[in-house]
Number of protein chains: 2
Amino acid sequence: MPDLAAEDRSHGPYSFERPSVSVDVVIFTLREGDLQVLLIRRRNDPFSGQWAIPGGFVEIDESLEAAALRELEEETGVKDVYIEQLYTFGKPDRDPRMRVITVAYIALVPENALPPIRAGDDAAEARWWSMYDLPSLAFDHADILDYALTRLRYKLEYTAVGFELLPIEFTLSELQAAYETILGETLDRGNFRKKLRRAEVVEATLGFQTTGGRPARLYRFRDDAVAEVKARRLFP
Amino acid sequence: MPDLAAEDRSHGPYSFERPSVSVDVVIFTLREGDLQVLLIRRRNDPFSGQWAIPGGFVEIDESLEAAALRELEEETGVKDVYIEQLYTFGKPDRDPRMRVITVAYIALVPENALPPIRAGDDAAEARWWSMYDLPSLAFDHADILDYALTRLRYKLEYTAVGFELLPIEFTLSELQAAYETILGETLDRGNFRKKLRRAEVVEATLGFQTTGGRPARLYRFRDDAVAEVKARRLFP
DNA sequence: TAAATAGTGTCTCTTAGACAATATTAT
DNA sequence: ATAATATTGTCTAAGAGACACTATTTA
């Protein structure tokens, strides 16, 4: 931290020369057998009519994470979900109006926890888009989504973060389908299950689910695996 | 991105209610067979006399990375080194004077590229500290250092980032010692070399270095491994 | 019975880790 | 020769990937 007195002229409370800070939230869910992301269509310039990641400015007395959760709830009505800081984007010209530094977050929301989407005040429209078929995006939001997908895939491989996208109980075939959708590749059934057994992240329940063939056992994530993800959540 | 017009009252150019943004740079080097970090002793309140990570406010027209590189050069005279964004810390009360959101960076500097350290204007003193024997720190800087070490260790395991801390040519024993110092554990010689061979990140040069026993061959990092790290640098 | 889906087992190759053996220098 | 350090190899166990086999349901 610099000494404030030495820099008051350019950064003290009476200066106008300071950047604004926003949070943008990349909201992922699994819908229609697809990895989808919630985007809003901008009502005003710049980029009026273009699609963008939901976000907003950080209030003076709220933490970055609180701001991201607030924006998430304002846009979707969703609370109590997994969010994680992604990266801070700060090129001086990323917003043509003024200097805006944005702290990007990822949110993972299970489909069954999603209320119907409604557009907020500042959006002409809000809807889900497939991550694999995106529209043209405002600002540097295409970069942010690119990186968000990279990070999500990465985390999926070495943590149990996938449970944040699934209902409480699920079949292993459903879990595998979720992994395949997110990773963008097919996985071997036997090896996938072997890996799950070794990792000890899921446990069988007593229930079954009929599927058209042999009924599938229902599983849930183990409490300790969930706890580990939640612990990492606060401080990656 | 939010719509600006709808929020001008609290965040437009005439508002005083916006956070300041700073960058803090955790500068690592290997010195005296130790992993060390450069800290400055604060000249002014708050935390006057306490040690802190060097940093400063982001200028209105410079990118975050440019700000981090500028601060690094102002504090140490070092240019052209590896830096990487670590995390953005934004709790409202992390600075008792005012709201400051700080984007933390990691810099890796080889000892032989370091000029003698001099304290900048805003510091009473500047010196290297062992990461394993740190003083009490101002602000939330202990958290930042903690996380920086975690990230450094992590990157060391899966990238060739170590070369940023070593001279151009080095023996494999020196490289192993560097890894051991950073990871805080001893490694098996044979397995370490086997892993290096498989990873194809280093290549032998023609030189040797006398060591008191059998002379050790000098190695350098392969260009493509270095290029990969540099490519990741801009956008993790 | 056939089709569909669930679940398990086996083989091979790679890798990680522990540890032993050999090589080359200085004293 | 001995000490010191460098370099390579060997054994074993664990893990990843390809693929085949068995199980249980519906139509």
Side-chain angles (χ1 to χ4, degrees), chain A residues 30 32-33 153-160 162 166-222 225, chain B residues 30 33 153-160 162-163 166-222 225:
Chain A
L30 289 169
E32 304 165 349
R153 286 176 171 170
Y154 187 66
K155 284 224 113 176
L156 201 64
E157 305 255 29
Y158 79 101
T159 73
L166 289 169
I168 294 186
E169 299 198 350
F170 48 85
T171 69
L172 294 190
S173 295
E174 288 169 344
L175 182 60
Q176 182 177 343
Y179 270 66
E180 290 176 336
T181 297
I182 295 170
L183 297 178
E185 60 187 333
T186 61
L187 303 172
D188 179 89
R189 232 181 12 209
N191 296 337
F192 181 77
R193 294 164 114 92
K194 194 170 22 170
K195 201 164 177 175
L196 277 180
R197 263 197 301 275
R198 251 204 345 268
E200 297 185 322
V201 291
V202 299
E203 61 191 7
T205 71
L206 300 176
F208 284 87
Q209 181 171 301
T210 59
T211 60
R214 170 176 171 175
R217 182 172 285 280
L218 288 166
Y219 286 78
R220 66 159 60 98
F221 280 92
R222 285 170 53 110
Chain B
L30 289 169
R153 285 176 171 169
Y154 187 66
K155 284 223 114 178
L156 200 64
E157 304 255 31
Y158 79 100
T159 74
F163 83 89
L166 289 169
I168 295 187
E169 298 196 351
F170 48 85
T171 69
L172 294 190
S173 294
E174 287 170 345
L175 183 60
Q176 183 178 343
Y179 270 67
E180 289 176 338
T181 297
I182 295 170
L183 297 177
E185 60 186 333
T186 61
L187 303 173
D188 178 89
R189 240 182 3 211
N191 297 335
F192 181 76
R193 295 165 111 93
K194 196 169 23 169
K195 201 165 177 176
L196 276 181
R197 264 197 301 275
R198 251 204 345 269
E200 298 186 322
V201 291
V202 299
E203 62 191 5
T205 71
L206 299 176
F208 284 87
Q209 181 171 300
T210 59
T211 59
R214 170 174 172 174
R217 182 171 285 281
L218 287 167
Y219 286 77
R220 67 159 59 96
F221 281 93
R222 286 170 52 109

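Throughout, protein chains are lettered first and strands after them, A, B, ... in sequence-line order, and every chain is numbered starting at 1.
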>> Short of 4.0 Å, heavy atom to strand atom, which residues of residues 187-194 of chain A count as contacting DNA chain D?
In response: Asp188(A), Asn191(A), Lys194(A)
> Which heavy atom in Thr181(B) sits nearest to a heavy atom in Gly33(B), and how many Å separate them?
Replying inline: OG1-O, 3.7 Å
> Near DNA chain C, under 4.0 Å by heavy atom, which residues of residues 195-204 of chain B?
Replying inline: Arg198(B)
> Nucleotide range of DNA chain C contacted by chain B, 5' to 3', under 4.0 Å to a heavy atom?
Replying inline: dT15(C) to dA26(C)
> Which two nucleotides bound the region of DNA chain D that has atoms under 4.0 Å from heavy atoms of chain B, read 5' to 3'?
Replying inline: dA4(D) to dT10(D)
> Closest nucleotide of DNA chain C for Arg214(A) versus for Gly213(B): which of these residues is on the 5' side?
Replying inline: Arg214(A)
>> For DNA chain D, which residues of residues 166-174 of chain A approach it to below 4.0 angstrom with any heavy atom?
In response: none
> Rounded to the nearest 0.5 Å, how far does CG of Leu175(B) lie from CZ of Phe221(B)?
Replying inline: 5.0 Å
> Can you name the side chain to side chain donor-acceptor pair (under 3.5 Å) partners of Arg214(A), sequence neighbours left out?
Replying inline: none
> Do Val202(A) and Phe170(A) come close enough that some side-chain heavy atom pair is under 4.5 Å?
Replying inline: yes
Distance-only criterion, 3.5 Å: show the donor-acceptor pairs between side-chain atoms of residues 183-197 of chain B and protein atoms not counting sequence neighbours.
residue: Asp188(B); atom: OD2; partner: Gly190(B); partner atom: N; Å: 3.0
residue: Asp188(B); atom: OD2; partner: Asn191(B); partner atom: N; Å: 2.8
residue: Asp188(B); atom: OD2; partner: Asn191(B); partner atom: ND2; Å: 3.4

> Residues two or more places apart in sequence or in another chain: which of them pass side chain to side chain donor-acceptor pair (under 3.5 Å) with Glu32(A)?
Replying inline: Gln36(A)
>> Rounded to the nearest 0.5 Å, what separates atom OH in Tyr179(B) from atom CG in Leu30(B)?
In response: 11.0 Å
> Taking only residues two or more places apart in sequence or in another chain, which ones pass ring-ring contact (aromatic ring centres under 6.0 Å, His included) with Phe208(B)?
Replying inline: none
>> Can you pull out every side-chain hydrogen bond (donor to acceptor under 3.5 Å, both in side chains) where at least one residue sits in residues 166-176 of chain B? Sequence neighbours excluded, please.
In response: Glu169(B)-Arg220(B), Glu174(B)-Gln209(B), Gln176(B)-Glu180(B)
> Which heavy-atom pair separates Ala178(A) from Leu166(A) by the least distance, and what is that distance?
Replying inline: CB-CD2, 4.1 Å
> Taking for each residue the nucleotide of DNA chain D with the nearest heavy atom, is it Thr210(A) or Gly212(B) whose nucleotide lies nearer the 5' end?
Replying inline: Gly212(B)
